[in-house]
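Contents: one structure, followed by commentary.
Keep in mind that this is a model prediction, so the values were computed, not measured.
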Amino acid sequence: MKNRICFWTVLLITAFGLSQSTEVKSINEVLDTWHKAASNADFEGYFSKMTNDGVFIGTDATENWQNEAFRTFSKPYFDRGKAWSFTAVERNIYLNDEKNFAWFDELLDTQMKLCRGSGVLQKIDGDWKIAHYVLSIAVPNENVAELIALKKEKDSLLLFQLKQ
């Protein structure tokens, strides 16, 4: 009896670990394919990885794109033959207990040099879809004062408008 309990315990733990790694592998594939679709100017391939109500937060303070608006904004870049090129060099993925939501962060090699991406994926009809993505330019701490000075005027104007 004791051996059976140990056997089933080990089997359940192993199955959970395999399921976890299978989900993480699937999520990695979705994110890598999504980034590759942008690099290859594959508009449909890119947006097929997002939920219909997906959100993309860009690096500019005004870039809070709902899916349809992001499609409209992005289309000219894809039509030129290359939208943008992001390659993950580091990624962390986390899953909820039901394995139907995941969140992640990634360090990216981009045309803007190092950037940080983070987001949320939702499992819909067995497929992982990007529901929310945030792109940030990584700024070394020792350069923050320079960056603040560079954007001070524009940020002040935008803050004034937002507070109206």
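Within the model, atoms CH2 of W103 and CG of L95 stand 7.0 Å from one another, a figure rounded to the nearest 0.5 Å. A distance of 7.5 Å separates CD in Q111 from NZ in K82, rounded to the nearest 0.5 Å. L31 CG to F104 CZ: the interatomic distance, rounded to the nearest 0.5 Å, is 4.5 Å. Here the CG-OG distance, from N40 to S85, works out to 8.5 Å after rounding to the nearest 0.5 Å. With rounding to the nearest 0.5 Å, the separation of CG in L108 from CD1 in I137 is 11.5 Å. Going from atom CD1 of I130 over to atom CG of L121 covers 5.5 Å, rounded to the nearest 0.5 Å.
Smallest separation of non-hydrogen atoms from T110 and M112: OG1-N, 2.8 Å. In plain terms, the two heavy atoms of T51 and A131 that are nearest each other are OG1-CA, 3.5 Å.
When hydrophobic clusters are built by joining Ile, Leu, Val, Met, Phe, Trp and Tyr residues whose side-chain heavy atoms come closer than 4.5 Å, directly or via intermediates, L114 is not grouped with V139. Hydrophobic clustering (side-chain heavy atoms under 4.5 Å, transitive across Ile, Leu, Val, Met, Phe, Trp, Tyr) keeps V134 apart from V30. The same ILVMFWY cluster, assembled from side-chain heavy atoms under 4.5 Å apart, contains both F43 and M50. In the hydrophobic cluster analysis, where Ile, Leu, Val, Met, Phe, Trp and Tyr join through side-chain heavy atoms closer than 4.5 angstrom, I124 is grouped apart from V120. Clustering ILVMFWY residues whenever any of their side-chain heavy atoms sit less than 4.5 angstrom apart, transitively, puts I57 in a cluster other than the one holding F101.
In terms of modelled atom types and a separation under 3.5 Å, the side chain of W128 and the main chain of K123 share no donor-acceptor contact. When atom types are taken as modelled, the side chain of N96 and the backbone of N100 share a donor-acceptor pair closer than 3.5 angstrom. Of the possible polar contacts, none joining the D105 side chain to the R116 backbone as a donor-acceptor pair under 3.5 Å is found. Looking only at distances, a side-chain donor or acceptor of K129 sits under 3.5 Å from a matching main-chain atom of S48. The main-chain N or O of D60 is found under 3.5 Å from a side-chain atom of E63 such that the two form a donor-acceptor pair.
In this structure, the side chains of Q161 and T62 stay at 4.5 Å or more apart for every pair of heavy atoms.
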Apply the test side-chain contact (heavy atoms from CB on, under 4.5 Å) to residues V55 and Q66: give CA-CA distance (whole Å), side-chain angles for both, the deciding distance (0.1 Å), then the verdict. CA-CA 5 Å; V55 176; Q66 306 305 301; 3.5 Å; yes
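Ring centers of W84 and F78: under 6.0 Å apart, within the cut-off.
Tested against Y133 for a ring pair (Phe, Tyr, Trp, His ring centres under 6.0 Å), the candidates F56, F70, F47 yield a single pass: F56.
One finds no salt bridge joining D32 and K36 here, because no Lys/Arg side-chain nitrogen approaches an Asp/Glu carboxylate oxygen to under 4.0 Å.
Under a cut-off of 6.0 angstrom, the local environment of CG in N52 is sparse, with at most 12 non-hydrogen atoms contributed by other residues, nucleotides or ligands. Counting heavy atoms of neighbouring residues, nucleotides and ligands inside a 6.0 Å radius, atom CD of E153 does not exceed 12 of them.
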